[in-house]
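One structure is given below, encoded as structure tokens.
Hydrogens, waters and symmetry mates play no part in the numbers below; they use all other heavy atoms, side chains included. In what follows, every chain begins at residue 1, and chains take the letters A, B, ... in the order their sequences are listed.
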Amino acid sequence: MKRRLEELEELKKLGINPYPYEYPVNAYSDEILRNFRDEDPPMNVSIAGRIMSIRRMGKATFSHIQDSRGKIQIYFKKDVLGEKYDILKLLDIGDIIGVKGEVFRTRTGEVTVKVDDYQILAKSIRPLPVVKEKIDEHGNRIVYDPFTDKEMRYRQRYVDLIVNPEVKQVFIKRAKIISTIREILDSHGYIEVETPILQPVYGGATARPFVTHHNALDMDLYLRIADELYLKRLIVGGFDGVYEIGKDFRNEGMDRMHNPEFTMLELYVAYKDYNWMMEFTENLIYNVCLRVNGTSKIKFGDNEIDLTPPWKRVPMFELLKQYTGENLEGKSEDELRAIARRLNVDVSSKIGVGKIIDEIFSELVQPNLIQPTFVIDYPIEMSPLAKRHRSKPHLVERFEVIISGMEVCNAFSELNDPIDQRYRFEEQARLRAQGDEEAMTIDEDFIRALEYGMPPTAGLGIGIDRLVMILTNQKTIRDVILFPHMRPEK
RNA sequence: GCACCACUAGCUCAACUGGUAGAGCAACGGACUCUUAAUCCGUGGGUUCCGGGUUCGAGUCCCGGGUGGUGCACCA
């Protein structure tokens, strides 16, 4: 770095501003490579990018520069550039330059820009990890000494993005996934809304919140753990379909599937139930995958996953029976604890019936569900916002979508009976008193809204990060979040 | 929060049972006007994550701490 600061000073002494204001770009690496024809008249281009390699050979120098679209070789010649050629020695890998020149094909066949003139656009004073690569005879990219240090890749994502082009592709695809979801939802006439992230009462999920403080009001506020209760208020307010794509925050552990802040899509549609929502969900995800990947059969880890609808719909208790050999339906808390012991599943003494079942399910059933599966009809105790099942009163009309063992969606026929809702909240309060810190707190204003009357409604939540993981074949959530949460350095 | 593993030059990695810390790339100097992991000659580069301890001697062994990874716990 010291050496580069000296170069910076030398440039300034020569009257060259190493940080100029703009540069007229009229072409990109990928277009130039794609459009070049040997028989066409020579084409002049003006491109800008970062120097990724330099091969100096006395009075001629080859270099590759990388722009937003890819890389292209450039060729400097002493007899073309004269004195300006000598300034090249002050350039380094990592510097950003603009070059103008004619496109030609080298003797070895690579389409290259022969530089008539160049300009330094930003001097890099911190050395970039140098990744060397070669394209083999099959067109495969072989990388030597790849930049792999996970900690540095996540902390200095900018470096990761410069040096590892496949990382950039994941995030471009992520953007496309989200914009495609928007297009589809908008085309159905659903209204995108924004609801509070700072909430006086948090709800809509069972999780521990982040707490912050509002100074002027001298009160604690919570970062939302879900959008649910506000979006349902909007259904009460007369919207037929609303959705929100935004960050939720949960004060829980971090691992391959969890980041403390994550992106969630929630959608609520009036006059529909969870059966309708299942069909909607499988079509949504199928179409997003088609548009983004061009196919509905994708690889995830060692598995091939087929997202073509219809997806299997299986009641939760049926899956439990299938994978554990035990019938858990209608069992008391004591009986469930005994079964858990028999199945070698550890359950905390603080949790109730719903969570014991959930525990057994996530340990013994969920990892086996690789192809997209609607798990339907959950016990009422673990779903305080869902409507009671129309024919089985101890269950609710709820589904989750499991893909590759990962929970990607959660949805219900929404509970719109204000009396039942109050009763369910009170049950949660009882669990909380028992020591379940994640049980929900009662939201009086939400109940008041239901008291005015909410139409029958279907609601859906999709974990966007996890969906992106599946559609881009990434095994950890950190690889689909640009700046995953990290402990502070030092 | 717990367990296991990792941390050595800018990057990727070596260093046997404890015995002078090394290579490739990058950097620096030189040669070279079609190279492409350019090549050839030469040079410099280290708080071995941090702090203690054991030892004549610690990158290596022990204790404590940090960060990361993986798993568990926790997690609509």
Check your understanding: For A:R398, which contact category applies under a 4.0 Å heavy-atom criterion: base, sugar-phosphate, or nothing?
Key -> sugar-phosphate
Check your understanding: Quick one: is the NZ or CZ of A:K84 closer than 6.0 Å to the six-membered ring centre of A:Y118, and within 45° of its axis?
Key -> yes
Study note, to complete from the structure: By the Watson-Crick or G-U definition, both distances under 3.5 Å, B:A76 is matched with none
Practice item. Quick one: look up who B:U39 pairs with, Watson-Crick or G-U, both distances under 3.5 Å, and put none if it's unpaired. Key: B:A31
Check your understanding: Short question: side chain of A:T112, backbone of A:R105 - any donor-acceptor pair under 3.5 Å?
Key -> no
Review point. Base, sugar-phosphate alone, or nothing: which one does A:D149 contact when heavy atoms must sit under 4.0 Å apart?
Key: sugar-phosphate
Review point. Centre of A:F104's six-membered ring, under 6.0 Å away, within 45 degrees of the axis: is that where NZ or CZ of A:K114 sits?
Key: yes
Check your understanding: Counting any heavy atom closer than 4.0 Å, what does A:E359 reach on the DNA or RNA strands: base, sugar-phosphate only, or nothing?
Key -> sugar-phosphate
**Study point:** Separation of the C1' atoms in B:C13 and B:U8, to the nearest angstrom
**Key:** 9 Å
Check your understanding: Where the side chain of A:F104 is defined as all heavy atoms beyond and including C-beta, which of B:G68, B:C34, B:A76 is the nearest nucleotide?
Key -> B:C34
Point to revise | nucleotides 23-28 of chain B: protein proximity per nucleotide (B base, S sugar-phosphate only, - neither; heavy atom, under 4.0 Å) | key: -BSS-S
Review point. Any luck finding a side-chain donor-acceptor pair between A:S29 and A:R34 under 3.5 Å?
Key: no
Exercise for review: Figure out the NZ/C1' separation between A:K134 and B:A37, and round it to whole Å.
Suggested key: 7 Å
Exercise for review: Decide whether a cation-pi geometry holds between A:R422 and A:F425; the criteria are a distance under 6.0 Å from NZ or CZ to the six-membered ring centre and an angle within 45° of the ring axis.
Suggested key: no
Revision key, fill the gap. Re B:C61: Watson-Crick or G-U wobble partner, both distances kept under 3.5 Å, found to be B:G53
**Study point:** Atom pair distance, as rounded to whole Å: NZ in A:K59 and C1' in B:C34
**Key:** 16 Å
Review point. Between A:P146 and A:Q73, which has a closest nucleotide on RNA chain B that is more 5'?
Key: A:P146
Check your understanding: Given atom CD of A:E133 and atom P of B:U35, what is their separation to the nearest angstrom?
Key -> 19 Å
Check your understanding: Quick one: which of B:U35, B:A76, B:C11 gets closest to the side chain of A:P129?
Key -> B:C11
Practice item. Compare the minimum distances between each of B:A73, B:C11, B:G69 and the side chain of A:R478, then state the nucleotide with the smallest one. Key: B:G69
Check your understanding: Hey, does the side-chain of A:E110 have a donor or acceptor N/O within less than 3.5 Å of a partner on the base of B:U35?
Key -> no
Review point. So does A:R155 get a side-chain nitrogen or oxygen closer than 4.0 Å to the phosphate oxygens (OP1/OP2) of B:G68?
Key: yes
Review point. Salt bridge between A:D149 and A:R153, side-chain N to carboxylate O under 4.0 Å?
Key: no
Check your understanding: Which nucleotide in the set B:U33, B:A37, B:U12 lies at the smallest distance from any side-chain heavy atom of A:Y75?
Key -> B:U33
Practice item. Tell me the partner of B:G46, counting only Watson-Crick (N1-N3 plus N6-O4 or O6-N4) or G-U wobble (N1-O2 and O6-N3) with both under 3.5 Å; none if nothing fits. Key: none
Exercise for review: Searching all strands shown, indicate the nucleotide that pairs with B:U67 (Watson-Crick or G-U wobble; both distances under 3.5 Å).
Suggested key: B:A6
Practice item. Kindly point out which of B:A38, B:A76, B:G68 is positioned nearest to the side chain of A:R55? Key: B:A38
Review point. Under 4.0 angstrom, heavy atoms only, what part of the nucleic acid is A:K114 near: base, sugar-phosphate, or nothing?
Key: nothing
Review point. Taking for each residue the nucleotide of RNA chain B bearing the nearest heavy atom, is the 5' side occupied by A:R487 or by A:A411?
Key: A:R487
Practice item. Would you please confirm or rule out a distance under 4.0 Å between OP1 or OP2 of B:U12 and any side-chain N or O of A:T148? Key: yes
Practice item. Check the angle between the aromatic planes of A:F399 and A:F374 and answer parallel, tilted or perpendicular using the 30° and 60° thresholds. Key: perpendicular
**Study point:** Rounded distance (Å) that lies between atom C1' of B:A76 and atom CD of A:E400
**Key:** 7 Å
Practice item. Compare the minimum distances between each of B:U67, B:C74, B:A76 and the side chain of A:E252, then state the nucleotide with the smallest one. Key: B:C74
Review point. Can you tell me how far P of B:G66 sits from CE of A:M486, to the nearest Å?
Key: 17 Å
Review point. For A:Y378, is the NZ or CZ atom of A:R398 found under 6.0 angstrom from the centre of its six-membered ring and inside 45 degrees of the ring axis?
Key: yes
Review point. Tell me: CD1 of A:I142 to C1' of B:A37, nearest whole Å?
Key: 9 Å
Review point. Between A:Y85 and A:F76, is the ring centre distance below 6.0 Å?
Key: no
Review point. For B:C13, what is the paired nucleotide under Watson-Crick or G-U wobble rules, both distances under 3.5 Å?
Key: B:G22
Review point. What is the distance from OH of A:Y85 to P of B:C32, rounded to the nearest Å?
Key: 11 Å
